[in-house]
There are 2 protein chains.
Amino acid sequence: MELTLKNQLKRFEDACRSQGLRLTPQRLEIFKKLAQATDHPTAEKLYHRLMERMPTLSLDTVYRTLGTFAEMGLISKIETIESQAHFEVLDVQHHHLICEQCKKIIDFEWKQVDDATLPDEIQSLGRFERKTVVVYGTCQECLE
Amino acid sequence: MELTLKNQLKRFEDACRSQGLRLTPQRLEIFKKLAQATDHPTAEKLYHRLMERMPTLSLDTVYRTLGTFAEMGLISKIETIESQAHFEVLDVQHHHLICEQCKKIIDFEWKQVDDATLPDEIQSLGRFERKTVVVYGTCQECLE
DNA sequence: ATAACTGCAAACTATTTGCGTTGTC
DNA sequence: GACAACGCAAATAGTTTGCAGTTAT
């Protein structure tokens, strides 16, 4: 069900090209690292992971680049309780569990909600589409 | 369906008492102002509104107090796209529409989701309970 | 060639904290 | 009267921005 890294990279390159964005090594590495990540890293986490291969990379470039990607609709910023923003490459529609103890973010799918239509009253309030569910609680590890 | 201000204040005072928190004028005013607010103000917004009646109030007290209330479970911090946190007094279970243009937050009820049980796979991941839906889009005003 | 992108340093915004004073219980 | 909570000022964390040099197209 998941997209392969290869497909994601292709999609990434196409998106850059179609939006007239330059394909720089930094952008490529940042995208690749985020696509491979299974957790939902913050800009800072991602930056540290990238440092190994790209010692000259700067944190501001990571921030700037993630911002660009988010605007392009290639990745999304995840809302959390903390102040730090978390990021993920857009994949299949999914929702998030957030552990209030360790702040871990876990993806899950919930077709029932994906397919549900929003209450009618909303029609008059504007045009609303993308819906995500956030469920708060405590993860298995923290329970032990 | 909404709780009256009076009831909310009662609940507030009880909560303070039962948790051994002192009932200071600042706390009372902050809670009252937030309970009356129909938008979902940030700490800063709330602070400015309170300044009229309590010119000596400080912004850090507002932050500190909102933090305390949230820990007590009296109010909740709303996740948004922006960096600034928004707050609301806990009322009936509801969800949020967020306008991506003007960042407005609109409450709505969606019983269908409230009553839905989470997918089974989640059982093994931990204990997760409170679920909220966030729907992104554009509000009526911004569409015009 | 040239406009976009990067890295650096400095700025900024939201929020938190230490400390001496004040006010509630 | 004791101790929690306040107001002040200063610190911090996360993120953004201006600028000069570099690089992809």
Side-chain angles (χ1 to χ4, degrees), chain A residues 12-31 33-34 40-48 50-51 53-72 74-87 103 105, chain B residues 12-34 40-51 53-72 74-87 103 105:
Chain A
F12 167 66
E13 286 176 28
D14 289 348
C16 284
R17 220 159 273 136
S18 74
Q19 305 198 30
L21 287 177
R22 290 189 180 166
L23 206 62
T24 67
Q26 288 89 334
R27 285 184 176 159
L28 200 69
E29 287 301 311
I30 292 173
F31 183 85
K33 209 42 146 201
L34 184 58
H40 301 75
T42 60
E44 206 124 6
K45 272 223 180 84
L46 210 47
Y47 168 64
H48 283 117
L50 287 159
M51 283 280 272
R53 294 179 142 242
M54 298 196 94
T56 65
L57 181 70
S58 75
L59 178 57
D60 14 280
T61 297
V62 177
Y63 272 111
R64 237 184 300 230
T65 303
L66 291 176
T68 310
F69 289 173
E71 270 178 35
M72 293 167 69
L74 270 174
I75 70 174
S76 72
K77 228 170 159 167
I78 306 178
E79 325 299 341
T80 75
I81 324 147
E82 313 166 87
S83 54
Q84 257 184 306
H86 291 250
F87 299 87
K103 318 296 184 194
I105 301 170
Chain B
F12 168 66
E13 286 176 27
D14 290 348
C16 283
R17 220 159 271 138
S18 74
Q19 304 198 30
L21 287 177
R22 291 190 180 165
L23 205 61
T24 66
Q26 288 89 336
R27 285 186 176 156
L28 200 68
E29 288 300 311
I30 292 173
F31 183 84
K32 232 169 25 185
K33 208 47 145 199
L34 184 58
H40 301 75
T42 60
E44 206 124 5
K45 271 221 181 85
L46 211 47
Y47 168 63
H48 282 117
R49 291 179 199 169
L50 287 159
M51 283 280 272
R53 293 180 142 242
M54 299 195 92
T56 65
L57 181 71
S58 76
L59 177 58
D60 15 285
T61 297
V62 177
Y63 272 111
R64 238 186 296 232
T65 303
L66 291 175
T68 310
F69 289 173
E71 271 179 34
M72 293 167 69
L74 271 174
I75 69 173
S76 73
K77 228 171 159 166
I78 306 178
E79 325 300 341
T80 75
I81 325 147
E82 315 165 84
S83 55
Q84 256 184 308
H86 291 248
F87 298 87
K103 317 295 185 196
I105 302 170

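The structure displayed is predicted, hence computed values, not measured ones. Numbers restart at 1 for each chain; the letters A, B, ... are given by sequence-line order, proteins then strands.
Using a 4.5 Å cut-off on side-chain heavy atoms (C-beta onward), B:L46 and B:F87 make no contact.
A:R22 pairs by the salt bridge (charged side-chain N to carboxylate O under 4.0 Å, His left out) definition with nothing, not counting sequence neighbours. Checked against side-chain contact (heavy atoms from CB on, under 4.5 Å), A:K103 has the following partners two or more places apart in sequence or in another chain: A:E82. The side-chain hydrogen bond (donor to acceptor under 3.5 Å, both in side chains) test applied to B:Q26 returns no partner, not counting sequence neighbours. Not counting sequence neighbours, the partners of A:H40 by the ring pair (Phe, Tyr, Trp, His ring centres under 6.0 Å) test are A:H96. Checked against ring pair (Phe, Tyr, Trp, His ring centres under 6.0 Å), A:F12 has the following partners two or more places apart in sequence or in another chain: A:F31, A:F69. Shown here are the side-chain hydrogen bond (donor to acceptor under 3.5 Å, both in side chains) partners of B:S58, two or more places apart in sequence or in another chain: B:D60, B:T61. For the side-chain contact (heavy atoms from CB on, under 4.5 Å) test, residues two or more places apart in sequence or in another chain that qualify with A:A15 are A:M72, A:L74. Residues passing the side-chain contact (heavy atoms from CB on, under 4.5 Å) test with B:T42, sequence neighbours excluded: B:E44, B:K45, B:Q84, B:H86. Residues passing the side-chain contact (heavy atoms from CB on, under 4.5 Å) test with A:Y47 are A:M51, A:L57, A:L59, A:V62, sequence neighbours excluded.
From one end of the helix from C:dA1-D:dT25 to C:dC25-D:dG1 to the other, with five pairs defining each end axis, the axis direction shifts by 40° (rounded to 10°).
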Fill in the blank from the handout: A correct 5'-to-3' footprint of nucleotides 4-14 of chain D, with B, S and - meaning base, sugar-phosphate only and no protein heavy atom under 4.0 Å, is BSSBBB----S
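Bounding nucleotides for the chain B contact on DNA chain C, 5' to 3', at a heavy-atom distance below 4.0 Å, are C:dA14 to C:dC25.
In this entry the distance linking NZ of A:K45 with P of D:dT15 reads 12 Å, nearest Å.
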